[in-house]
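See structure below.
Numbers restart at 1 for each chain; the letters A, B, ... are given by sequence-line order, proteins then strands. FYI, side chains are in, hydrogens and waters are out, and symmetry mates aren't considered; it's all heavy atoms of this structure.
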Protein chains: 2
Amino acid sequence: MSRDTELVRYANYMGEPDPTEPSLASRLRLAVVRLNRRMRAQRTSSTVSLTQVSAMSCLGKCGPLTPGELAAKEGVQPPSMTRVIATLEESGLVSRRPHPTDGRQAIVELTEQGSAYLRAEVSAREAWLDLTLARLTEQERELLSRAAEIIDRMAGQ
Amino acid sequence: MSRDTELVRYANYMGEPDPTEPSLASRLRLAVVRLNRRMRAQRTSSTVSLTQVSAMSCLGKCGPLTPGELAAKEGVQPPSMTRVIATLEESGLVSRRPHPTDGRQAIVELTEQGSAYLRAEVSAREAWLDLTLARLTEQERELLSRAAEIIDRMAGQ
DNA sequence: TATTGTTATACTCTATAACTATA
DNA sequence: TATAGTTATAGAGTATAACAATA
C-alpha cells in the first residue's frame with residue numbers, strides 16, 4: 001500500500017467522527033479487554049496459565065524456537081519469555097537444549113508430555129470459549145474467524 | 001434459542017475437527033491475547049491505565065453507577081473495582097457521593113475533569129489503535145465492527 | 001440474616017535496567 | 001563491540017478471604 005493511499009484512508013476514516021457513537025477503536029478495545037479478562041478468569045484444573053498455553057501453542061505451530069524468537073512471535077520482551085519458559089520447563093512441558101552453532105542461544109521445544117498436553121488439555125482450557133462459540137451462528141463464527149486473522153495481523157505490527 | 005438447537009449447533013461445530021488447522025477458539029484466543037498485550041504496552045504520557053480508561057468509558061456511556069454495578073459491567077470482582085475507583089478518585093477523574101436511599105452503596109461518576117479527559121486524552125491513548133485500524137480496508141473495519149459486537153456479547157455472558 | 005463495599009493478601013503478567021556469556 | 005539471554009526489581013491487574021456497615 002502506498003503512503004498516499006494510506007493517508008487518504010486515514011483521512012476518510014478519521015474524518016467523520018460521530019460523537020454520539022463510540023469509535024470503532026473504543027468498541028474493539030473494550031471487547032478485547034473484556035474477552036481477555038474472561039478467558040484468563042476461566043479456571044481449569046490445570047496449573048498452566050493462558051500465557052503459558054499461548055507460548056506452547058506457538059511452539060506447537062512453529063516447532064523448536066530460540067527464546068528470542070519465541071518472545072518476538074508472542075510479542076513480549078525477552079525477560080518475560082524467560083520466566084514463561086522456566087515455568088514450563090519445571091513442569092516438564094518444554095525442554096531446552098544448546099544451540100548447535102551459537103553458544104549464546106538455546107533451542108526450546110515441546111516435550112512429549114508438552115505435546116500431549118497441547119492435544120488434550122488445551123481443549124479443556126478452551127472449553128468455555130468453544131461452548132460460547134458454539135452458541136453463535138455459523139455466519140458469526142465465519143466472521144470471527146476472519147476477524148481473528150485481522151486482529152492477529154494488527155497485533156503483530 | 002432452544003436447548004436442542006444449541007446442542008445441534010455444538011455438535012455440528014465440534015464434530016469436524018481438523019488437526020492440521022488450529023481451531024477457531026485457538027486462533028481467537030491468540031489474537032485477543034496479543035492485541036490486549038499490544039494495547040497495554042502502548043504507552044501514553046498519561047498515568048491512566050487501560051483498565052482505568054475502560055472503567056471511565058463505562059461511566060461515560062452509562063452515567064453514574066454504584067461500585068457494584070460498575071464491577072459487573074466491566075466483568076471484574078468488586079475488590080478489583082474498589083482499587084480502580086480509588087485510583088481514579090485520587091486523580092480527581094471520578095467522584096463518589098452517598099447513595100440517596102441506601103447507606104451501604106455509593107454513586108460513582110465522572111468529574112468535569114474526568115469527562116474532559118475522556119473526550120481529549122482517550123483518543124490519544126487510542127492513537128495507535130486508530131492508526132492501525134486506518135491502515136485496514138473499509139471492509140475489514142466493517143468486519144471488525146461486527147466482530148467487536150459479537151466478542152463483547154460473548155464476554156458479557 | 002443478606003447485601004454492599006472495603007481491607008488484607010497473594011499471584012500472574014509484564015516491563016525496564018543491569019548483568020553474564022558468547023560471537 | 002554487539003547480541004542472546006538471565007537476574008533483579010517493580011508495577012499493573014486481578015482474585016479470594018475476611019471484615020465492617022447497612023438493610
Side-chain angles (χ1 to χ4, degrees), chain A residues 29-30 32-44 46-56 64-91 94 96-108 125 155, chain B residues 29-30 32-44 46-56 58 65-91 94 96-108 125 155:
Chain A
R29 169 176 53 74
L30 279 171
V32 165
V33 163
R34 285 173 189 165
L35 185 57
N36 186 67
R37 267 190 205 130
R38 184 69 193 244
M39 288 190 302
R40 283 186 189 277
Q42 204 63 32
R43 294 280 169 231
T44 64
S46 131
T47 57
V48 177
S49 75
L50 186 57
T51 297
Q52 290 162 2
V53 167
S54 191
M56 288 177 67
L65 295 171
T66 67
E69 287 166 343
L70 193 48
K73 279 185 188 294
E74 287 287 291
V76 299
Q77 293 301 308
S80 304
M81 192 48 72
T82 293
R83 259 184 60 155
V84 173
I85 293 169
T87 308
L88 289 174
E89 195 180 16
E90 274 175 37
S91 309
V94 309
R96 308 161 47 99
R97 52 183 161 85
H99 191 283
T101 62
D102 187 337
R104 296 169 303 179
Q105 299 187 55
I107 307 287
V108 182
R125 172 166 266 283
Chain B
R29 168 175 54 72
L30 279 171
V32 166
V33 163
R34 286 172 188 166
L35 185 56
N36 186 66
R37 268 190 205 130
R38 184 68 194 245
M39 287 190 303
R40 283 185 191 278
Q42 205 61 31
R43 295 279 170 233
T44 64
S46 136
T47 58
V48 177
S49 76
L50 187 56
T51 297
Q52 290 161 4
V53 167
S54 191
M56 288 177 67
C58 194
L65 295 171
T66 68
E69 287 167 342
L70 192 50
K73 280 185 187 291
E74 287 289 289
V76 299
Q77 294 301 310
S80 304
M81 191 49 71
T82 293
R83 257 180 63 154
V84 173
I85 294 171
T87 307
L88 289 175
E89 196 181 16
E90 273 176 38
S91 310
V94 308
R96 306 162 49 98
R97 54 185 161 84
H99 191 283
T101 62
D102 187 337
R104 296 171 302 181
Q105 299 186 55
I107 307 286
V108 182
R125 173 167 263 285

Open item on the list: Using the salt bridge (Lys or Arg N to Asp or Glu O under 4.0 Å) criterion, which residues pair with A/R34? Sequence neighbours excluded.
Closed with: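 Partners of A/R34 by the salt bridge (Lys or Arg N to Asp or Glu O under 4.0 Å) criterion, ordered by chain and then number, come out as B/E74, B/D152.
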
Open item on the list: Checking A/R104 now: which residues fulfil salt bridge (Lys or Arg N to Asp or Glu O under 4.0 Å) with it, not counting sequence neighbours?
Closed with: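 Expected list: A/D102.
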
Testing the basics here: between [X] and [Y], what is the closest heavy-atom pair and its distance to 0.1 Å?
X     : Y      : result
A/A55 : A/V84  : CB-CG1, 3.9 Å
B/R96 : B/A106 : NH2-CB, 3.8 Å
B/S54 : A/R29  : CA-NH1, 4.0 Å
A/L65 : A/L70  : CD1-CD1, 3.9 Å
B/P98 : B/I107 : O-CG1, 4.1 Å

Open item on the list: Can you list everything that forms a side chain to side chain donor-acceptor pair (under 3.5 Å) with A/T87? Sequence neighbours excluded, please.
Closed with: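 A/T87 satisfies side chain to side chain donor-acceptor pair (under 3.5 Å) with no other residue.
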
Look at the side-chain N and O atoms of [X] and state whether any lies under 4.0 Å from the OP1 or OP2 oxygen of [N].
X     : N      : answer
A/R37 : C/dT12 : no
B/R40 : C/dC13 : no
A/T51 : C/dC13 : yes

Task: Check against side chain to side chain contact (heavy atoms under 4.5 Å, CB included), B/V33 and A/M39 - done: CA-CA 9 Å; B/V33 163; A/M39 288 190 302; 4.2 Å; yes

- [ ] Taking only heavy atoms on the protein side, list every residue of residues 82-90 of chain A lying under 4.0 Å from any atom of DNA chain C, sorted numerically.
- [x]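 The stretch gives A/R83 as the residues lying under 4.0 Å from the strand, ordered by number.
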
Starting at [atom1] of [X] and ending at [atom2] of [N], how long is that distance when rounded to a whole Å?
X     : N      : atom1 : atom2 : result
B/M81 : D/dG13 : CE    : C1'   : 11 Å
B/Q77 : D/dC19 : CD    : P     : 19 Å
B/Q52 : D/dA12 : CD    : P     : 8 Å
A/L50 : C/dC11 : CG    : C1'   : 15 Å

TODO: Go through the steps for A/T51 and B/R37 under the test side chain to side chain contact (heavy atoms under 4.5 Å, CB included), then give the verdict.
DONE: CA-CA 11 Å; A/T51 297; B/R37 268 190 205 130; 3.8 Å; yes

Open item on the list: Checking contacts here: which listed nucleotide (D/dG5, D/dA12, C/dT12) is nearest the side-chain heavy atoms of A/S49?
Closed with: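 Per side-chain heavy atoms of A/S49, the pick is C/dT12.
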
- [ ] Measure from the side-chain heavy atoms of A/R96 and tell me the nearest of D/dT6, D/dT16, C/dA15.
- [x]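 Of all the options, the side chain of A/R96 is nearest to D/dT6.
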
Task: B/S/- contact track for nucleotides 17-23 of chain C, protein heavy atom under 4.0 Å - done: B---BBS

- [ ] List in numerical order all residues of residues 65-75 of chain B for which some heavy atom is under 4.0 Å away from an atom belonging to DNA chain D.
- [x]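 The stretch gives none, as no residue of it lies under 4.0 Å from the strand.
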
Task: Worked verdict on B/R40 versus B/S49 for side-chain hydrogen bond (donor to acceptor under 3.5 Å, both in side chains) - done: CA-CA 8 Å; B/R40 283 185 191 278; B/S49 76; 5.7 Å; no

